[in-house]
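What follows is one structure encoded as structure tokens, with my remarks underneath.
The model shown is predicted, which means the values in this text are computed figures rather than measured ones.
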Number of protein chains: 4
Amino acid sequence: MRHETVDLIFNAAIEVFAESGFDQAKMDDIARAAGVAKGTIYYHFRSKEELFVGLMNEGVQKLIDRARQYLKLHKSPTDQLLALVENQIHFYVQNGKLAKLLLNEAFGTKTRQVQFRRKIGEYLQLIEEVMIEGNRLGEFQIKHVPETASAIFGAASVVVLQKLYSMEEVDPARIERDIPPMVETVRRMVLCGIKDSTYC
Amino acid sequence: MRHETVDLIFNAAIEVFAESGFDQAKMDDIARAAGVAKGTIYYHFRSKEELFVGLMNEGVQKLIDRARQYLKLHKSPTDQLLALVENQIHFYVQNGKLAKLLLNEAFGTKTRQVQFRRKIGEYLQLIEEVMIEGNRLGEFQIKHVPETASAIFGAASVVVLQKLYSMEEVDPARIERDIPPMVETVRRMVLCGIKDSTYC
Amino acid sequence: MRHETVDLIFNAAIEVFAESGFDQAKMDDIARAAGVAKGTIYYHFRSKEELFVGLMNEGVQKLIDRARQYLKLHKSPTDQLLALVENQIHFYVQNGKLAKLLLNEAFGTKTRQVQFRRKIGEYLQLIEEVMIEGNRLGEFQIKHVPETASAIFGAASVVVLQKLYSMEEVDPARIERDIPPMVETVRRMVLCGIKDSTYC
Amino acid sequence: MRHETVDLIFNAAIEVFAESGFDQAKMDDIARAAGVAKGTIYYHFRSKEELFVGLMNEGVQKLIDRARQYLKLHKSPTDQLLALVENQIHFYVQNGKLAKLLLNEAFGTKTRQVQFRRKIGEYLQLIEEVMIEGNRLGEFQIKHVPETASAIFGAASVVVLQKLYSMEEVDPARIERDIPPMVETVRRMVLCGIKDSTYC
DNA sequence: CATGAATGAGAGTTCATTCAT
DNA sequence: GATGAATGAACTCTCATTCAT
């Protein structure tokens, strides 16, 4: 089992990083939120960057794990792809802070960004695998698999974030009601993007 | 005509901000890149934040202006929507640095982010207007206009950025060849998302 | 006649310096208050310091000139001394901002402070001359002339400033009513300080 | 016991602030004088202003504490008042730097000045209490207690500062010899100001 | 005489990181 | 394992002064 203190730090860090972004997040705030001394963080993590990377990997891993669960519930690639979209949107709504970091910190040339993108790549891989299987079974005719995966990922991401940040204050009940339109929107896009070859 | 020095600063700032993000960008670097003294920037802009907001507004305005040009070339909402997608992808490829900032700095609660999102909202508005007109003419059956606009915007954004940052080094010739698959991918998604109601 | 622009600058500078003190006063503010360009100030004055010294000299000179007028109205040294006190208090009330600078900028080792103190010394000289004449005529028995002059000057200064700054907002009517008690207070102190030798 | 480092900083700060005034004092200089890093000051004080206010409060508190000691040594209000004057002058001579700040930074509308004036008000209160008691016992006939307290405070302050800054260099032996005339001067003023009503 | 854009040295403040306890 | 006082490099922003027009 992971050390208890590390959990404390992780939980605090995800809040603070997501609230402020990597640069604006202060180790002081993380320490205070975790209820430990600042030195303690450095006892467990070499640097702010290492803490961040560990955190992001864990966050994306959760998304991946949930996605894997969803995949098992469906047989056909079509259903699986739709399930992935639904999962991603639900996950974003439930982890709005992480979602923001996913877009904010994913692009760039810094080490942490490259590492983070690699982890996101694992998730995109999952989508691509379903697509390839669908192509193989003749269920899809996707010509540009990586592009299509990115597009779906981006559509789902921005739909949720735009919704989250267009509200004055995040109202859990309200956002819950907003999920179905978002899911349906992306779902419809996905379905066309993969089905036939001579534009819908 | 705008003052020459301000142009110098603007051009330098877009480079530096895009390279490093808002927080990591240093006013010293912007000044050096612009070939002016640091104080000169502060003579023309009240703060780093004001410079950034001015810059982003100008950048998004360029995207909007180009989009308006494209819209004039087409009559039917369908063609107009596809033109908007194509325009956005081309614009991103040509202004990769701005594109990155568009996602990186758009979400958050800080003043500059709220202002920036408002400007992006102007662009989304453009998409939505085409959608509403298409709905009116019976060409589209879009149930959730804002969500669909966000999804298209997000799909086009992430497709390009993922491509740009998956390459070791940005190779202009290579990226030029990559445009058509990206355009086609999003175009297909768009076409389904708007055409008929009982999934494609 | 002094150049018109110089007057503009002088009048603006006294306001700004008195409002903010030497260090906090900005040449930009003075220029704006004077309605001239910043460069214009430097056309007429070598530096901020030179402007300040010129200004202070002029301010104290006004106090001295008024004092000289008052002195002419009275014959006996006793009446003259009391007139000086009354003059100083009235002058302070009417030029509260200058009064503040008089204490704020008078003590220190910087060139401008030394020069300023020298000018204030001219005013103290005036007091001392009356004292010496009073001593000669047997009207006073002042043992320590410079100390006594300083004490009177200090008493009058602090009484007014303490009053001015103890009020939430400076109310001209209110402060006008407060003059007599201040004058009487210092006047009584003065009278004893100079009359007999075995404590009053 | 207060933290050792804070003492280091306090002692250095009083030197530097008094030497240069609030605005000209540099945090770098204070840090160097204290033998700590600049960041260390900010670990203990939120800002330059907070450091200054803390310092001034402590300085005036010392004056107040000493004054309270002096008051205990005397019974009659007359003796007590004279003791206060003597104490103030001695204190100023021994703490010339603080004395200068007392006048330089006491008047103005900035937060630190208002707070500082409030602390000085505590000292003036002490004087006023003695005056009121003297009035009650019939020993004094002071009509304007606050004005008289201010006047005495101002007289004592300016007498010392004028003396300190009229010397080319501060010579401890010389200034020691100058104390009696200063004390006597103010003492005589005080005695009249409070004794009888029909001018001395 | 007058202007105001440009300058750059220098100020206060922040914060990731270290290390003696 | 854990602490938190101490650090100092680096940052944004200020403003007196200059000078070409």
> C:Lys100 side chain to C:Ala18 main-chain N or O, any donor-acceptor pair under 3.5 Å?
Replying inline: yes
> Which whole-number value in Å describes the distance from B:Phe52 CZ to F:dT12 P?
Replying inline: 14 Å
>> So, applying side chain to side chain contact (heavy atoms under 4.5 Å, CB included) with C:Phe107, which one of D:Leu101, D:Leu164, D:Leu103 is it?
In response: D:Leu103
>> Can you measure C:Leu51 atom CG to F:dT17 atom P for me and round it to whole angstrom units?
In response: 10 Å
> Mapping D:Gly39 and B:Thr40 onto DNA chain E by nearest heavy atom, which one lands closer to the 5' end?
Replying inline: B:Thr40
> Is the distance between the ring centroids of C:Phe116 and C:Phe22 under 6.0 Å?
Replying inline: no
> Taking atom types as modelled and ignoring hydrogens, do the side chains of A:Lys110 and B:Gln24 form a donor-acceptor contact shorter than 3.5 angstrom?
Replying inline: no
> Does B:Glu49 or D:Ile41 map to a spot on DNA chain F nearer the 5' end, using the closest nucleotide for each?
Replying inline: D:Ile41
> Is the shortest side-chain N/O distance from C:Tyr43 to OP1 or OP2 of E:dC1 below 4.0 Å?
Replying inline: no
> OP1, OP2 of E:dA2 versus side-chain N and O of C:Thr5: anything below 4.0 Å?
Replying inline: yes
>> For the residue pair D:Glu15 / D:Asn11, report whether a side-chain donor-acceptor contact shorter than 3.5 Å exists.
In response: no
>> Counting only side-chain heavy atoms from C-beta out, which of F:dT7, E:dA2, F:dT3 sits nearest to D:Val36?
In response: F:dT7
>> Looking at C:Lys38 and E:dT3, is any side-chain donor or acceptor paired with a base atom of the opposite kind under 3.5 Å?
In response: no
> Would you call B:Lys62 and B:Asp65 a salt bridge, using N to O less than 4.0 angstrom?
Replying inline: no
> Once you round it to whole Å, what is the distance between C1' of E:dG12 and CD of D:Glu50?
Replying inline: 14 Å
>> Looking at F:dT21, which nucleotide sits across from it as a Watson-Crick or G-U wobble partner, both distances under 3.5 angstrom, or is there none?
In response: E:dA2
>> Whether B:Tyr42 contacts F:dT14 is assessed here as follows: a side-chain N or O lying under 4.0 Å from the phosphate OP1 or OP2. Is that the case?
In response: no
> Atom NE2 of D:His44 to atom C1' of F:dG4: distance rounded to whole Å?
Replying inline: 10 Å
> Taking the six-membered ring for Trp, are A:Phe17 and A:Phe52 parallel (under 30°), tilted (30 to 60°) or perpendicular (over 60°)?
Replying inline: perpendicular
>> Classify C:Lys48 by what it touches in the nucleic acid, base, sugar-phosphate, or nothing, heavy-atom distance under 4.0 Å.
In response: sugar-phosphate
> Counting side-chain heavy atoms from CB outward, which of F:dC13, E:dT17, F:dG8 is closest to B:Ser47?
Replying inline: F:dC13
> Over how many whole Å does the gap from D:Glu4 atom CD to E:dT21 atom P extend?
Replying inline: 13 Å
> Considering only heavy atoms, which members of residues 18-31 of chain C lie under 4.0 Å from some atom of DNA chain F?
Replying inline: C:Ala25, C:Lys26, C:Met27
>> Rounded to whole Å, please give me the gap between CZ in B:Phe45 and C1' in E:dT7.
In response: 17 Å
